[in-house]
Amino acid sequence: MSAEVVGGLSQAPHKSRTIMSRIYNFSAGPAALPEAVLKEVQAEILEWGGTGASVMEVSHRGKPFMQAAAQAEQDLRDLLSIPENYRVLFLQGGATMQFSAIPLNLMGRGGSADYAHTGHWSKKAIADAQRFGNVNVVCDTSEEGYKHVPAFEQWRCGDAAAYLHITPNETIAGVEFSWLPDTEVPICADLSSTILSRPIDVSKFGLIYAGAQKNIGPAGLTIVIVRDDLIGGFPADEPRLMDYQVMADSDSMSNTPPTFAWYLAGKVFHWLKKQGGVAAMAELNRAKADKLYGYIDQSDGFYTNPVAVDNRSWMNVPFILRDDSLDNDFLSQSQSAGLHALKGHRSVGGMRASIYNAMGMDAVDALIDFMQSFKAANS
Ligand code: PMP
């Protein structure tokens with residue numbers, strides 16, 4: 001079947017796919033959502049929950065939305081076994097707003113915090129935090145181009161840190177922590193591109209945050225999971241909506257929340273539970289990553305991934321072609337084959353396949369098939 005262009009998107013030639021023009025979407029974010037969830041949303045788009053209106057058109061203070069919102073929180077709590085003494089906040093502003101909200105809430109004006117610099121996003125988090133207090137960079141792999149996470153014994157931790165900030169999965173370089181720092185200092189972690197990909201022990205963190213647009217739902221929603229004793233230190237003269245206390249006291253409804261994104265995230269949580277929860281996702285995600293890295297590693301150097309084996313991301317798999325003059329051909333031909341958004345971040349070059357929860361093994365198989373044929377045609 002040849003690819004045809006409909007509405008600006010080249011159509012995927014996958015007979016097995018149920019919706020006619022759905023592509024394999026390897027985007028790093030906003031990223032693919034589970035098809036089953038999108039179909040449910042489609043069915044409810046005109047009338048939702050007995051309201052006679054769409055979820056986007058009803059009050060966030062009405063019973064139907066309040067119930068959906070509470071259910072979404074409960075499902076997330078169940079999925080991640082979030083302890084009682086943690087608050088779950090449904091916020092706006094993206095993970096980037098948390099780069100400022102975290103120091104404002106947790107550092108105290110002029111205080112200090114430790115930050116690990118292991119990639120593009122931790123670098124941004126550091127730059128924002130530096131505006132509010134003393135940032136002690138405990139390790140920095142920028143010079144090597146972010147290829148591994150240094151052992152915790154090598155980190156230069158400060159003695160007055162209010163918290164330790166880490167980015168357990170760096171979305172751009174595809175660098176992932178395989179362990180958590182063993183420290184008494186509260187760990188604040190940017191889990192934007194790895195949340196819900198596997199079980200985690202929430203009690204080992206002081207705060208977890210994640211933009212929704214990868215493993216949770218649509219852009220516009222940011223989840224913060226914060227231990228309640230860390231809430232309450234927000235400076236009175238800073239924007240109220242960044243105060244965790246204000247948002248916790250109002251069940252994240254101090255102002256109008258992103259209702260559609262919250263509703264859709266709730267559907268993703270429900271879908272995840274039906275898949276067997278995060279333990280089942282972990283098994284699948286590990287198998288997907290193993291297969292893709294396995295193929296890259298045995299491609300005789302035609303494709304390579306530069307990250308230390310222990311730090312290879314399950315979610316974002318960058319790879320480069322030995323001959324980068326083939327990059328454009330790879331991208332245009334993969335797109336025609338229905339494999340979209342494989343271009344690597346401009347800072348790294350090459351390719352990146354993001355394989356979040358909504359991407360099944362079929363997506364990885366289709367990618368490997370394409371990579372094999374491309375290699376055969378260009379070796
Ligand atoms: N942190 C990480 C790890 C990310 O991958 C991203 C976005 N790709 C961000 C932060 C920034 O998120 P946002 O655009 O939601 O502010």
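Between Leu79 atom CG and Gln275 atom CD the span is 11.0 Å, to the nearest 0.5 Å.
Looking only at distances, a side-chain donor or acceptor of Asn105 sits under 3.5 Å from a matching main-chain atom of Met242.
In this structure, Asp300 does not pair ionically with Arg322, as no charged nitrogen and carboxylate oxygen lie closer than 4.0 Å. Remark: Asp243 does not engage Arg240 in a salt bridge, criterion side-chain N to carboxylate O under 4.0 Å. Salt bridge Arg312/Glu176: absent, no basic N to carboxylate O contact under 4.0 Å.
The salt bridge (Lys or Arg N to Asp or Glu O under 4.0 Å) with Arg87 is formed by just one residue from the set Asp249, Asp251, Asp228; it is Asp251.
Between Phe177 and Trp179, the ring centre distance stays below 6.0 Å. Less than 6.0 angstrom separates the ring centroid of Tyr115 from the ring centroid of His165. In summary, the aromatic rings of Phe205 and Tyr86 are positioned with their centroids too far apart to meet the 6.0 Å limit.
Side-chain N/O atoms of Asn285 and Ser197 include no donor and acceptor closer than 3.5 Å. With hydrogens and angles left out, the side-chain atoms of Asp190 and Thr167 include no donor and acceptor closer than 3.5 Å. Residues Glu57 and Ser54 bring a donor and an acceptor atom of their side chains to less than 3.5 Å of each other.
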After noting the C-alpha distance and the side-chain angles of Asp229 and Asn85, does the key distance pass the side-chain hydrogen bond (donor to acceptor under 3.5 Å, both in side chains) rule?
CA-CA 8 Å; Asp229 62 289; Asn85 62 325; 5.2 Å; no
Could you please spell out the steps behind the side-chain hydrogen bond (donor to acceptor under 3.5 Å, both in side chains) verdict for Tyr263 and Glu44?
CA-CA 11 Å; Tyr263 146 91; Glu44 294 176 353; 2.7 Å; yes
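Between Ser334 and Phe374, the closest side-chain pair of non-hydrogen atoms is not below 4.5 Å. Looking at heavy atoms from C-beta onward, Val41 lies in side-chain contact with Lys267 at the 4.5 angstrom threshold. In this structure, the side chains of Val185 and Cys157 stay at 4.5 Å or more apart for every pair of heavy atoms. Contact of the Cys139 side chain with the Thr118 side chain is registered, since non-hydrogen atoms from C-beta on lie closer than 4.5 Å. Counting only heavy atoms from C-beta outward, the side chains of Arg352 and Leu342 never approach each other to under 4.5 Å. Proximity of Trp314 to Tyr356: side-chain heavy atoms (C-beta onward) are nowhere separated by under 4.5 Å. Side-chain contact between Leu367 and Ile355 is absent, with no heavy atoms from C-beta onward closer than 4.5 Å. Between Leu191 and Tyr209, every side-chain heavy-atom pair lies at or beyond the 4.5 Å cut-off.
For Gln298, the CD atom is densely surrounded, since the number of other residues' heavy atoms within 6.0 Å is greater than 12. Within 6.0 Å of atom NZ in Lys273, more than 12 heavy atoms from other residues, nucleotides or ligands are found, so the atom counts as buried in its surroundings. More than 12 heavy atoms of other residues, nucleotides or ligands sit less than 6.0 Å from atom CZ of Arg61. Remark: Lys375 NZ is packed, more than 12 non-hydrogen atoms of other residues, nucleotides or ligands lying under 6.0 Å away. Environment of NE2 in His345: crowded, with over 12 heavy atoms of neighbouring residues, nucleotides or ligands closer than 6.0 Å. In this structure, Gln130 places its CD atom where more than 12 heavy-atom neighbours from other residues, nucleotides or ligands lie under 6.0 Å away.
Hydrophobic clustering (side-chain heavy atoms under 4.5 Å, transitive across Ile, Leu, Val, Met, Phe, Trp, Tyr) keeps Ile195 apart from Phe99. Linking ILVMFWY residues whenever their side-chain heavy atoms come closer than 4.5 Å, directly or via other members, places Met371 and Phe26 in the same cluster. Val137 is connected to Ile102 through a chain of hydrophobic side-chain contacts under 4.5 Å among Ile, Leu, Val, Met, Phe, Trp and Tyr, so both are in one cluster. Under the 4.5 Å side-chain heavy-atom criterion for grouping Ile, Leu, Val, Met, Phe, Trp and Tyr, Leu339 is connected to Met359 within one hydrophobic cluster. In the hydrophobic cluster analysis, where Ile, Leu, Val, Met, Phe, Trp and Tyr join through side-chain heavy atoms closer than 4.5 angstrom, Tyr244 is grouped apart from Met97.
Ring geometry for Tyr303 against Phe319 counts as perpendicular: the plane angle is over 60°, on a 0 to 90° scale with 30° as the lower cut.
Counting all heavy atoms, side chain and backbone alike, Val88 lies closest to Ser252 at O-OG, 4.2 Å.
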